[in-house]
Amino acid sequence: MKSSELRQSFLSYFESKQHQIVDSSSLVPGNDPTLLFTNAGMVQFKDVFLGDDIRPYTRATSSQRCVRAGGKHNDLENVGYTARHHTFFEMLGNFSFGDYFKREAIGYAWEFLTVVLKLPTEKLLVTVYAEDDEAFDIWHKEIGLPKDKIIRIGDNKGGRYQSDNFWAMGDTGPCGPCSEVFYDHGEHIWGGPPGSPEEDGDRFIEIWNVVFMQFNRSASGEMAALPKPSVDTGMGLERIAAILQGVHSNYEIDLFQNLISAAAKAVGTDDLTSQSLRVIADHIRSCSFMIVDGVVPSNEGRGYVLRRIVRRAVRHGNKLGQNGVFFHTLVEALDVEMGDAYPELRKLKERVASILLKEEEQFAKTLDQGMKILEDAISQLGDEKVIPGETVFKLYDTYGFPVDLTNDVARENELEIDEEGFEVAMEAQRTRARSASNFSMDMSGGVTIDSVTEFTGYDYLEGQCEVETILVDGVAVESIEAGQSAAVILKSTPFYGESGGQVGDKGWLRGVGAFKVLNTTKQNKAHLHQGELKEGSLSVGDLITGEVDRSLRSATTLNHSATHLVHEALRRVLGDHVSQKGSLVDPDKLRFDFSHFEAVTAVEIEQVEDMVNEQIRLNREVETEIMDIESAKQKGAMALFGEKYDSEVRVLTMGADYSIELCGGTHVKRTGDIGLFKIVAESGIAAGVRRIEAFTGKTAIDSTRQTETALNNVAALVKGNKENALDKVTALNDHARSLQKELDLLKGKMAALAGADLASQAVDIDGGKLLVAQVEVAESKELRDLLDELKSKLESAVIVLAAVNDGKVSLIAGVTKELTKKVRAGDLIKEVAPLVDGRGGGRPDMAQAGGSNPAGIESVLARVPAWVAEKF
């Protein structure tokens with residue numbers, strides 16, 4: 001049975017048992033900060049099991065794509081070296097949410113395995129939790145398994161309920177015993193049954209785990225019976241496919257064999273048994289589906305995991321002799337294998353390939369440089385078997401060479417890496433980063449606030465409010481006097497609390513006194529009005545009038561509404577992979593960060609601007625609705641990743657369904673209120689993350705006017721007007737380039753003359769010449785050109801040149817190729833650079849350094865001949 005047929009057979013079987021087929025969720029878990037990636041089929045149903053989400057069905061089945069390559073569940077380093085470890089796999093599962101329990105779950109599992117898949121019953125055995133007599137009896141008395149085929153597994157991990165056969169969602173919450181089904185691959189393979197000393201062998205392989213969520217564990221450890229016991233199961237598609245196809249390794253199933261063949265063709269090898277091909281075939285699956293789900297290569301979080309996996313695959317291709325780009329070409333083969341089951345891959349495959357190609361090209365430089373440094377470090381180890389942590393950190397921090405790649409290379413050379421030393425260097429870097437960070441003041445003093453402030457600011461910018469709490473340096477007080485700073489909590493307020501990228505409101509609280517609100521923040525559901533009492537007094541229980549600064553709120557509102565329009569425009573122009581990565585909305589501008597793998601072109605920026613301004617001109621009504629989260633999703637509302645939403649949410653619709661998003665911010669009444677939208681900057685802020693800055697309303701008009709003024713000034717300088725300024729500037733630029741070429745030609749001739757003169761000053765050394773001199777050049781490029789000229793003239797030489805410009809010293813050393821075995825330019829520069837209070841380095845044939853002590857040049861000129869003589 002093919003893998004694709006097996007997947008469909010599983011889903012169809014459970015559909016016939018009244019299970020709702022649920023599509024695989026994203027690899028990026030929604031609203032679950034505890035997970036880096038979706039790593040099991042139950043992840044998308046976690047809130048259902050916890051009772052926080054109610055679905056219209058009580059039985060479900062799915063084929064869930066999973067990644068285990070970061071965080072707690074990380075199989076990355078084992079991929080390629082074992083038969084069953086993957087970074088990406090598919091988990092087949094069936095779930096009951098308070099519907100059926102042990103009897104049905106066990107019956108379904110047995111029927112599917114032995115009747116549908118026709119696995120021989122004598123090849124199967126099961127485990128149960130030692131205390132789960134109910135499950136044992138079902139397997140023995142109802143299914144008919146002999147007692148010797150049912151293994152009780154006790155608390156083998158220390159402590160009560162700490163067992164391979166007792167599952168828990170976390171330290172607290174739903175948990176319960178589980179029953180695992182194992183397949184016996186035969187006596188010819190080493191290994192023992194579960195619970196035996198040889199259980200780590202490959203003879204008995206777990207294929208299905210059936211979890212019975214039976215209890216709720218409290219923080220004290222007390223186990224209470226769940227009112228609605230549930231079932232969560234998982235079976236690895238790759239493992240069961242290997243059994244059905246009569247092979248022992250997952251990499252021998254049809255899905256992988258086709259990918260391995262494509263990988264072999266891409267790298268140019270005929271050895272289909274290569275472990276490196278297994279790595280590449282596994283990695284194209286995880287990398288492609290991560291990108292499909294919105295992850296892009298970067299230096300942090302999920303993006304860094306993706307980058308590590310791409311680079312690991314590329315290096316394994318490099319090991320097989322492929323020095324060019326190849327990895328991205330495998331997306332097409334993956335689409336053939338999995339595009340029918342996952343149409344989102346087929347839809348985005350060209351974009352996936354494009355992102356992988358760019359990452360390959362970027363890593364090509366890193367790989368070449370990093371491998372040279374690593375190989376050099378290994379060559380200097382001698383009898384040592386551990387690569388120093390400082391070397392590992394330097395490769396990671398300076399050259400972007402992932403630690404797992406260093407570990408791979410170490411393993412191939414029968415070496416280890418100093419992980420402890422690497423962590424010490426990493427912690428030192430974190431400390432430096434923390435000390436350089438800026439932190440904002442917490443006016444609440446870090447105390448927990450349970451107040452709930454009613455927000456009235458959607459409809460009113462002024463209103464009567466009652467003072468509920470006053471905090472001074474985090475301490476609750478009854479009243480404050482003029483001159484005191486505080487955080488004031490009101491029972492209701494028109495002031496928007498900073499959240500969702502929108503800054504907090506400013507204004508006044510007026511009563512017996514006048515409190516100037518400098519910022520409004522939120523803590524839990526309370527609004528904290530932070531500021532200073534300018535006059536009078538303010539006490540708990542006072543009735544005051546809250547007055548929001550209307551001009552600031554209005555300008556902020558224009559920018560916030562524009563972010564929704566620009567988000568949708570970016571998705572339409574650049575693609576569905578675009579997702580918000582952050583925003584800042586204040587009265588002056590809007591800043592919008594989003595996922596994208598390359599700079600946005602001028603043409604694309606123009607398209608985005610046009611699209612947003614078209615919506616503004618249409619002047620459509622902006623609608624807000626309060627509805628439950630499921631209804632909002634059905635309407636097509638876009639939720640922001642990482643945001644935790646209540647059961648009821650605020651849905652913002654702009655431009656007659658042009659943009660539908662969940663948002664609690666303040667917005668315009670009609671799109672035309674925005675007036676004008678103008679992008680003023682586009683930049684990259686991290687790998688795979690771009691930033692757009694833009695103006696709206698009067699600020700956009702002022703910006704356009706400033707641009708026009710600048711153009712008029714340029715036109716005047718070139719004696720033209722707005723219409724011909726570009727032609728005039730182009731002509732001037734062409735003339736300047738022509739003059740620069742003439743200047744460069746003259747400089748070249750002067751360098752040749754200077755080189756000829758300097759060459760005559762060289763002295764003989766064994767097998768060549770030595771030239772040490774101070775020269776007068778205007779810039780470092782001239783110094784390098786002069787060095788090249790001298791190396792050409794002297795043919796076999798060691799050359800050191802020094803120059804001073806604006807009190808700064810430049811040193812350069814050059815060694816012709818045949819002499820680098822005796823003298824390395826990098827070592828020479830490191831020797832003399834301290835004499836001018838500098839540092840530097842480079843290649844064996846050329847190295848440079850800078851310094852701040854011109855007086856030390858004389859010492860450099862004297863030291864070089866003696867140092868070179870020692871090498872001959």
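By the 4.5 Å heavy-atom criterion applied to side chains, His596 and Val296 are not counted as neighbours. Side-chain contact between Arg217 and Tyr161 is present, with heavy atoms from C-beta onward closer than 4.5 Å. Side chains of Leu590 and Phe677 form a contact here, defined as non-hydrogen atoms less than 4.5 Å apart. Side-chain contact check for Glu604 versus Gln607: some heavy-atom pair is nearer than 4.5 Å. Arg620 places none of its side-chain heavy atoms less than 4.5 Å from the side chain of Met654. Side-chain contact between Arg572 and Met611: present, with at least one pair of heavy atoms (C-beta onward) separated by less than 4.5 Å. The closest side-chain heavy-atom distance from Thr469 to Ser451 is below 4.5 Å. A 4.5 Å side-chain heavy-atom check between Leu490 and Val467 finds at least one atom pair inside the cut-off.
Using a distance-only test at 3.5 Å, with no hydrogens or angles considered, no donor-acceptor pair links the side chain of Gln502 to the main chain of Gly665. The backbone N or O of Ser579 lies less than 3.5 Å from a partner atom in the side chain of Ser595, making a donor-acceptor pair. Distance alone, capped at 3.5 Å, places no donor-acceptor pair between the Ser492 side chain and the Glu454 backbone. Without hydrogens or angle criteria, Ser230 side chain to Lys228 main chain gives a donor-acceptor distance under 3.5 Å. Formation of a donor-acceptor pair under 3.5 Å by the Asn559 side chain with backbone atoms of Thr556 is not found in this model. Checking side-chain atoms of Ser703 against main-chain N and O of Thr699 turns up no donor-acceptor pair under 3.5 Å. Judged by distance alone, the side chain of His560 and the main-chain N or O of His667 form no donor-acceptor pair under 3.5 Å. The main-chain N or O of Leu36 is found under 3.5 Å from a side-chain atom of Arg302 such that the two form a donor-acceptor pair. The main-chain N or O of Ser683 is never found under 3.5 Å from a side-chain atom of Arg691 such that the two would form a donor-acceptor pair. Distance alone, capped at 3.5 Å, places no donor-acceptor pair between the Asn39 side chain and the Arg68 backbone.
The aromatic rings of Tyr496 and Phe455 lie perpendicular to each other, with more than 60° between the two planes, well past the 30° mark.
The line from CD of Glu621 to CZ of Arg670 is 5.5 Å long, rounded to the nearest 0.5 Å. For the atom pair OG1 of Thr696 and CD1 of Ile674, the computed distance is 7.0 Å after rounding to the nearest 0.5 Å. Residue Asp549 holds its CG atom at 3.5 Å from CG of Leu552, rounded to the nearest 0.5 Å. Atom NZ in Lys525 sits 14.0 Å away from atom CD in Gln523 (nearest 0.5 Å). Ser298 OG to Lys581 NZ: the interatomic distance, rounded to the nearest 0.5 Å, is 8.5 Å. Interatomic distance, OG1 of Thr671 versus CG of Leu565, reported as 7.0 Å (0.5 Å rounding).
For the pairing with Val503, the side chain to side chain contact (heavy atoms under 4.5 Å, CB included) check across Val585, Leu584, Asp588 returns one residue only, Leu584.
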### Task
Apply side-chain contact (heavy atoms from CB on, under 4.5 Å) to the pair Leu711 and Thr707, showing each step before the final yes or no.
CA-CA 6 Å; Leu711 178 58; Thr707 301; 5.7 Å; no
### Message
Does Leu27 form a side-chain contact (heavy atoms from CB on, under 4.5 Å) with Val292? I'd like the steps, not just the answer.
### Response
CA-CA 9 Å; Leu27 287 174; Val292 165; over 6 Å; no
### Query
Does the side-chain contact (heavy atoms from CB on, under 4.5 Å) test come out yes or no for Val566 and Phe594, once each step is laid out?
CA-CA 11 Å; Val566 76; Phe594 58 97; over 6 Å; no
### Task
Start with the C-alpha distance between Leu676 and Thr704, add both sets of side-chain angles, then the distance that settles side-chain contact (heavy atoms from CB on, under 4.5 Å), and finish with yes or no.
CA-CA 10 Å; Leu676 177 66; Thr704 302; 4.2 Å; yes
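A pairwise comparison of heavy atoms in Ser583 and Gln580 identifies OG-NE2, 3.3 Å as the closest pair. The shortest non-hydrogen separation linking Leu558 to Asp673 is CD2-O, 3.3 Å. Counting all heavy atoms, side chain and backbone alike, Cys465 lies closest to Gly546 at SG-N, 4.2 Å. In plain terms, the two heavy atoms of Arg571 and Asp576 that are nearest each other are NH1-O, 3.1 Å. Between Phe97 and Ala60, the shortest heavy-atom distance links the atoms CE1-CB, 4.0 Å. Considering all non-hydrogen atoms of both residues, Val651 and Ala637 come closest at CG1-CB, 4.2 Å.
For the pair Arg55 and Phe95, the cation-pi test (distance below 6.0 Å, angle within 45°) is failed.
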Would you list the atom pairs, donor with acceptor, under 3.5 Å between side chains in residues 508-520 and any protein atom, with sequence neighbours excluded?
| unit_1 | atom_1 | unit_2 | atom_2 | d |
| --- | --- | --- | --- | --- |
| Arg510 | NE | Glu547 | OE1 | 3.0 |
| Thr520 | OG1 | Asp505 | O | 2.9 |

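For Leu618, the CG atom sits in a packed shell: over 12 heavy atoms of surrounding residues, nucleotides or ligands are nearer than 6.0 Å. Applying the 6.0 Å contact sphere to CG of Asp23 captures no more than 12 heavy atoms from other residues, nucleotides or ligands. No more than 12 heavy-atom neighbours from other residues, nucleotides or ligands sit within 6.0 angstrom of OH on Tyr460. By the 6.0 Å contact criterion, CD on Glu606 is open, its count of non-hydrogen atoms from other residues, nucleotides or ligands being 12 or less.
A salt bridge between Lys678 and Glu609 is present, with a side-chain N of the basic residue lying under 4.0 Å from a carboxylate O of the acidic one. Between Glu693 and Lys589 there is no salt bridge, since none of the side-chain N atoms of the basic residue sits less than 4.0 Å from a carboxylate O of the acidic one. Between Lys698 and Asp702 there is a salt bridge, since at least one side-chain N of the basic residue sits less than 4.0 Å from a carboxylate O of the acidic one.
With no hydrogens or angles considered, no side-chain donor-acceptor pair links Asn216 and Ser218 at under 3.5 Å. Ser24 and Gln64 share a side-chain donor-acceptor pair at under 3.5 Å. In this structure, a donor-acceptor pair under 3.5 Å is present between the side chains of Gln530 and Thr521. Residues Gln44 and Thr38 have side chains that never bring a donor and an acceptor to within less than 3.5 angstrom of each other.
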